[in-house]
Amino acid sequence: MLNIASIKKLQIILILILLINSCSRQPEQKIYKKFRILMDTIITITVVSPSEKEAETAINNAFSVIERLDKSLSSFSPDSDVSKINHSAGIDFVKVSTDTYQLINAAIKSAQISDGAFDPTIGPLVNLWDIADIIKPDAHISPKLPALNKIKEKLMFVNYKDIIVDDHDMSIKLRKKGMAIDLGGIAKGYAADKAVAALKASGIKSGIVSCAGDLKVFGNKPDNSNWLVGIRAPRGKLDDLIAVLSLKDLAVSTSGDYERFFIINGIRYHHILDPKTGYPANGFQSVTLVNEQGIITDGLDTAVFVLGPKKGLELVNKMGLMAYFVYSDGSIYITDNLKKLIVPNDKKN
Ligand code: AMP
Ligand code: MG
């Protein structure tokens, strides 16, 4: 039997439960997304936030970080760090921004780790092949192979060991006139790292920064599940995926022979060049790497692509990276540590 005292006790407990509930009810977390064209590609930033205003401020802060980076690295702008370094090759040191300094040091590390398969002084060869310009829709240039003697000439200027770094005042010099750095193989992974750091500094707990083939996710979706990231089928249409990964706090980078290429006499010539031969590297259609840091996944996806299946896998294992390979014959290899992140077919929808 309930007496008056116990009814009052129950009432108090009920009121307390209601109070606790109303205090702990969080505002609804929503997904906000914006894109901008920067670093010669479409960059998309997605965040989870309880407020549109907070989301917008955080996304704008992150875009400012990428914009600053783009200004330092763009080879189109004559007063970027990269243009100044290339114009002063063989002449003088150039004082650079912290971003450029960090990125060049990371690029040199990728070159050392991969025994020069990744080489940030690939610029003269990239310019000679000119694939990016040839494939522009409004270019009207027919694809043409560079002459072998020209390739040999440019190869003499490709060697990361000829980048001189003065740590004391963050300045860089290229030893020989005619050298040129190209950070296109590592800059987007670095940009993803920096943009995620900027979002976190603005109070965002969860989101995705996607810079074409390089992206980084952090935290969870509003329903607490992981972010899903697709790997493109190299010979499929834009939205054909060969796998979907379920990720939290990880970066993913893909180097693919389908991103920038032309075909002559049935042979595909693409934008990832082997610094030993001066020709596009063969052995893979795509290399996808997963790791905590975008600067690692981006620097090394290009390196592994150039190294080819055997040496590439040795590097992946040595560095403890997760990898998804599509070999040049279309067959697939997935490292054991990545298999557990692949979403089974029946759970994709
Ligand atoms: P990714 O998609 O990360 O493999 O980057 C490809 C870009 O890296 C190319 O468009 C070039 O700008 C640059 N690149 C090409 N070959 C190399 C190489 N062997 N080492 C470093 N960068 C390269
Ligand atoms: Mg790369």
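Below, all heavy atoms of this structure are taken into account, side chains as well, without hydrogens, waters or symmetry copies. Ligands are counted one by one from 1 in listed order, and the atoms in each one are counted from 1 as well.
For the residues V158, D119, D40, the heavy atom positioned nearest atom 21 (C) of ligand 1 is part of D119. Nearest to atom 18 (C) of ligand 1 by heavy-atom distance, out of L273, I181, I131, is L273.
Between F284 and Y327, the ring center distance clears the sub-6.0 Å criterion.
Here the protein heavy atom with the shortest distance to atom 5 (O) of ligand 1 is G185 CA, 3.3 Å. Regarding atom 10 (O) of ligand 1, its nearest protein heavy-atom neighbour is H271 ND1, 3.0 Å. The nearest heavy-atom contact from the protein to atom 22 (N) of ligand 1 is I122 CG2, 3.8 Å. Taking atom 2 (O) of ligand 1 as the reference point, the nearest protein heavy-atom neighbour is E259 OE1, 3.4 Å. For atom 4 (O) of ligand 1, the nearest protein heavy atom (residue, atom name, distance) is S255 OG, 2.5 Å.
For Q285 (side chain) and S328 (main-chain N/O), a donor-acceptor pair under 3.5 Å exists by modelled atom type.
A donor-acceptor pair shorter than 3.5 Å can be found between the side chains of N226 and N220.
The distance criterion of under 3.5 Å between nitrogen or oxygen atoms is met by D298 with respect to ligand 1.
Of all atoms in ligand 1, numbered sequentially from 1 with element shown, those under 4.0 Å from a heavy atom of A117 are 18 (C), 19 (N), 20 (N). Interface atoms of ligand 1 facing P275, defined by a heavy-atom separation under 4.0 Å, are 19 (N). Atoms of ligand 1 found under 4.0 Å from any heavy atom of D301, numbered from 1 in the order shown, are 3 (O). Near V306, meaning under 4.0 Å from one of its heavy atoms, ligand 1 places the atoms 19 (N).
Distances shorter than 4.0 angstrom do not occur between any heavy atom of S253 and any atom of ligand 1. Proximity of G213 to ligand 1 is not established, as no heavy-atom distance is less than 4.0 Å.
A salt bridge is absent between E52 and K30: the closest approach of a Lys/Arg side-chain nitrogen to an acidic carboxylate oxygen does not fall below 4.0 angstrom. Ion pairing between a basic and an acidic side chain is recognised when a charged N comes within 4.0 Å of a carboxylate O; D99 and R68 show such pairing. In summary, K310 and E314 engage in a salt bridge, as defined by a charged side-chain N under 4.0 Å from a carboxylate O. Between K216 and D193, at least one side-chain nitrogen of the basic residue sits less than 4.0 Å from a carboxylate oxygen of the acidic one, meeting the salt-bridge criterion.
Neither the backbone nor the side chain of A281 has any atom closer than 4.0 Å to an atom of ligand 1 (non-hydrogen atoms only). Residue D214 does not touch ligand 1, judged by heavy-atom distances below 4.0 Å.
Using a 4.5 Å cut-off on side-chain heavy atoms (C-beta onward), W227 and S206 make contact. Residues V94 and S171 have side chains not in contact (no heavy-atom distance under 4.5 Å, counting atoms from C-beta outward).
Centred on the Mg ion (ligand 2), the angle running from T302 (OG1) to G185 (O) is recorded as 90°, rounding to 10°. Between the O atom of D298 and the OD1 atom of D301, the angle centred on the Mg ion (ligand 2) amounts to 60° when rounded to 10°.
In this structure, the separation between CD1 on I66 and NZ on K188 is 11.0 Å, given to the nearest 0.5 Å.
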Could you walk me through whether H271 and F305 pass ring-ring contact (aromatic ring centres under 6.0 Å, His included), step by step?
CA-CA 11 Å; H271 67 143; F305 196 108; 8.1 Å; no
